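Structure first, then comments.
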Amino acid sequence: MSENTRTILICSGKGGVGKTTLTANLGIALANSGATTAVLDADFGLRNLDLLLGLENRIIYTAQDVLDKNCRLEQALVRHKKEPNLALLPAGDPRMLDWMKPEDMKKISELLSEKFDFVLVDCPAGVEDGFKNALAACQEAIVVTNPELSAVRDADRVIGILNTSDIEPIQLVINRVRPNMMASQEMLSIEDVQEILSLPLLGIVLEDEQVIISTNRGEPLTLTDGRSPAKKCYLNVSQRLSGKDVAIIDPKNESNSLKDKFMRLMQTKVF
Amino acid sequence: MTLRDLINKLLGRETASANTARERLQLVLAHDRVDMSSLTTDLLDKMRKEILDVVAKYVEIDFEEVAVSLETEDRMTALVANLPIKRTISGEIQFKKDVKNDKNDKDIKK
């Protein structure tokens, strides 16, 4: 196993908070910065990473076939045409739900670590077997959450489990941030979420309609040329993940209408 | 209290929902985090007995005063045992003193 490979679990507990979108965008961004990157879809019951990357028609084999010696690893890896440093490996087929064990996932991640600088593991929602399998394959974790009650609560459960493993570091990404709702105190603030979960903050991602559009097209935002709030955030997270000393994007600077400024003034502590 | 809260209060309006969210979340998490139902009852008793057995091999303990409990703070759960010692086994009478035994059980939480 290569010592320099970073195998990172991307998990959340709750579904629909943006794990897969983050995995796809980070994968592209890291690959684009020159690091060879593999994204492993550990959610083989309901896999979607292929769709987000626009690779759904190119999957022939899965990691399962590699372990069963039906094919070589190179054959199962789906290289991205526009970003050759990135490869997708689906863990398994939706039709075979319960063959996989933590040891299998470990073997797959060891195989991948021989070839890649980064391995991002897109974890299934929940805290059951699928999550524990994915966990066994990783050394680091990124917990994705939204600034809302149910997502933070589920993230807390996941963090509780991660803390009993030897995963280190565990970092937090707060997704779907709406600066103007935070300004008017109708959404949990970044500080609130971070304080409650007591994890180091890797970054935030702003709510952005472009995410939906890019999903429709099967082209992650970090692959496109345009400028969009979420793209800027994904790039920021990717840089921070690879150790660059850049500041976290502050939602306060992302909403500068007069109304938001006034709303922030209203947050001044009076006593 | 923020300026906004103050104005809301003066006008008799509801406070911003982020505060409500934070308070509800803190309550529910406090509950979630101490949910160690498997450890709190039978297992804790069993563990207490075994710890006492071991310690009793070396010193005589004041069984009336023994307290073993789990304390949770900041994601860390600690087993805190307070075992007052009466005397050592060799018979030498000691002053009653507290032995505080902190074992940082690395997060037993679910």
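As the structure is a computational prediction, the values presented were derived from the model and not from experiment. Order of the sequence lines sets the chain letters (A, B, ...), proteins ahead of strands, with each chain counted from 1.
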Count the heavy atoms belonging to other residues, nucleotides or ligands that lie under 6.0 Å from [atom1] of [X], then report whether that count exceeds 12.
X      : atom1 : result
A:I212 : CD1   : no
B:R48  : CZ    : yes
B:F63  : CZ    : yes
A:R47  : CZ    : yes

Exercise. Based on non-hydrogen pairs under 4.5 Å, which of A:V152, A:D192, A:V193 is most in contact with chain B?
Worked result: A:D192

Can you tell me how far apart [atom1] ([X]) and [atom2] ([Y]) are? Round to the nearest 0.5 Å.
X      : Y      : atom1 : atom2 : answer
B:Q26  : A:E195 : CD    : CD    : 7.0 Å
A:L149 : B:T20  : CG    : OG1   : 9.5 Å
A:D156 : B:L29  : CG    : CG    : 4.5 Å
A:L188 : B:R24  : CG    : CZ    : 10.5 Å

Exercise. Is a side-chain donor or acceptor of A:Q185 paired with a backbone partner of B:A18 at a separation under 3.5 angstrom?
Worked result: no

For this session: Mind running salt bridge (charged side-chain N to carboxylate O under 4.0 Å, His left out) on A:R157 and B:D32 for me, showing each step along the way?
Result: CA-CA 8 Å; A:R157 289 280 310 275; B:D32 285 357; over 6 Å; no

Problem set entry | Contact class of A:S184 relative to chain B, heavy atoms under 4.5 angstrom | both

For residues 124-132 of chain A, which side-chain N or O atoms pair as donor and acceptor with protein atoms under 3.5 Å away, sequence neighbours left out?
none

